[in-house]
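Contents: one structure, followed by commentary.
In each ligand, atom 1 is the first atom listed, and ligand 1 is the first ligand listed. The shown structure was predicted, so the numbers you read here are calculated from the model rather than taken from an experiment.
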Amino acid sequence: METKYIFVTGGVVSSLGKGIISSSLANLLIARGYRVTIQKFDPYINIDPGTLNPYEHGECYVTVDGHEADLDLGHYERFTNVRTTRANNVTTGRIYQSVIDKERRGDYLGKTVQIVPHITDEIKRNVKALGNTGNFDFVITEIGGTVGDIESLPFIESVRQLRWELGSNCVCVHLTYVPYIAAAKELKTKPTQHSVKQLQEVGIQPDILVLRTEKHISPEMRKKIALFCNVAPDAVIQSIDVPSIYQVPIKMHEQHLDDLVLKRVGLPVDGEPDMKAWLHFLDKMAYAEKEVRIGLVGKYVELQDAYKSINESLFQAATYNDRKLKLEYIHSEKLNDSNVDERMKDLDGVIIAPGFGQRGIEGKFVALKWCREHNVPTFGICLGMQCMVIEFARNVLGLTDANSTEMDHATPYNVIDLMEEQKSISNMGGTMRLGAYDCVLSDNSRAAQAYGTTKVSERHRHRFEFNNDYRERFEQAGMKCVGENPATRLVEVVEIPEKRWFIGTQYHPEYSSTVLSPNPLFLSFVKAAVDYSEDKNK
Ligand code: GLN
């Protein structure tokens, strides 16, 4: 079968959820037996989002092959269970870098290098790269930004050209917003009409419109939009606000989004997508009544996208444990010895978040000391694990002023230190320990029990590591190094076996957790939190 290409653009405003619509469509096509991948083209100049502050762009997601990626790739994986790679996320910066490298090599044979055709050709080459592997029946391409942005013009122009080249193997889906004006008690279609017009001006006629809305859009209104926008009435679909993003595939299927796409590319529409496992998850979500209260200690708590993958992993784990997740953000900068008891006493489990730099770090030590002394299920991730080690060094080993050399160059006890390979690196972009690495777990560790195996592979994003010179002293005092990289002996997992559940991972298990394949450590952590809450109530 020839690869089919689906393009998803957005108009009117940003943050409409193009990533969720793309993921939902992929989910349905996969449930119909097709091989699908989703890629995102981001119109900014950064080579990748790895150098962006979470305040700019939310969480930085990491792929198995070590690419620092847009957080939408996290949605893609959580909805499809299909791993993404560097090829699934391309920025304007990557496109220009590649064209400029070719120019320097002399590949353009003396020609003037221009946006059209050289930049657009490079974009098209990247759009088709995954399709050309032969591994996918459908490649869904999400174009970041909104139609009409200066930055996204070369991408939109490339879609226009591809539409011609691909003919019936191409579908254009445009996502817009239908605002509800409360004073007039009316939904308004004009912004959608304008947005589609803008798309038509650059030569693209959408095949399917998805309208993001807070209220139900009547069939008459959909007909009107269809008429004004040159789209078939049944190809105008609403995406109404729902309590959980994981319900969106079902909402899309009810309105035949998958059927519309199949028809458009000339594939048979027979039978129904197999959504059994997905619906099982949604059922658990609907029937969960009791809560599990998890605290997340970090410094980006005012920003809901900064810890996206952790939130989703916790939500999945809570759902599979038949609990509603009650997630409480605890600002690490505001936590101190005098308020920690008040902030933490009702929690069933605590996550110590990843991060960079000194800000907020002392609050993480306060939280960790409290959790350790009160034997609350505690999960440290990346910097959170490093903080577990530092807190233990200071308060159990008596190594006052122990630290990571990230925070204090001159610490007398560098229990967390820079890896040798990192010492000569001066460039910030793409130079951390990134991507999936093998980890061997000790036989009887709680981590190995959680995974049900001693051999795992999880994704990393950090420069600093546990300092093996201190290993003996930690182990003797009760903090065990139970996960190790088999090639380098770097410590990947620590735990205090005598505690209820006290585990830190140098890697980020949240990146590999999906709806249909939730991460075992998160499942085990939430299970421990549930057990602890039941013990407390006895
Ligand atoms: N700042 C720490 C390091 O670079 C941890 C990074 C993280 O939490 N992702 O090692």
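When only interatomic distances are considered, the shortest N/O to N/O separation between F356 and ligand 1 does not fall below 3.5 Å. At a 3.5 angstrom cut-off on N or O pairs, F464 counts as close to ligand 1. At under 3.5 Å, not a single nitrogen or oxygen of Q506, backbone or side chain, sits near a nitrogen or oxygen of ligand 1. Residue-to-ligand polar distances keep I381 apart from ligand 1: every N/O pair is separated by 3.5 Å or more.
The proximity of R461 to ligand 1, defined as any non-hydrogen pair under 4.0 Å, is limited to the backbone. Proximity of M432 to ligand 1, defined as any heavy-atom pair under 4.0 Å, is not found for any part of the residue.
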Subject >> E391 vs R372, salt bridge (charged side-chain N to carboxylate O under 4.0 Å, His left out): CA-CA, chis, key distance, verdict >> reply: CA-CA 10 Å; E391 191 277 329; R372 194 170 47 73; 2.8 Å; yes
**OP:** Check step by step if salt bridge (charged side-chain N to carboxylate O under 4.0 Å, His left out) holds for K536 and D348.
**Re:** CA-CA 9 Å; K536 277 192 294 190; D348 305 325; 3.1 Å; yes
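The option from P354, G355, G384, G380 that lies nearest to atom 6 (C) of ligand 1, judged by heavy atoms, is G355. Looking at R463, E406, Q386, H462 and measuring to atom 1 (N) of ligand 1, the nearest heavy atom belongs to E406.
The distance between the ring centers of Y329 and Y307 does not fall below 6.0 angstrom. Less than 6.0 angstrom separates the ring centroid of W501 from the ring centroid of F379. Separation of the W370 and F365 ring centroids does not fall under the 6.0 Å cut-off.
Atoms of ligand 1 lying under 4.0 Å from at least one heavy atom of C382, given by number and element, are 5 (C), 6 (C), 7 (C), 8 (O), 9 (N). Listed by number with element, the atoms of ligand 1 under 4.0 angstrom from any heavy atom of H508 are 9 (N).
Other residues, nucleotides and ligands contribute over 12 non-hydrogen atoms within 6.0 Å of the NZ atom of K102.
Using a 4.0 Å cutoff on heavy atoms, E465 does not count as a contact of ligand 1.
Side-chain contact annotation: E77 with Y61, donor-acceptor N/O pair under 3.5 Å present.
Within the structure, side-chain hydrogen bond (donor to acceptor under 3.5 Å, both in side chains) pairs that include any residue of residues 289-300 comprise R293-E328 (at least two apart or interchain).
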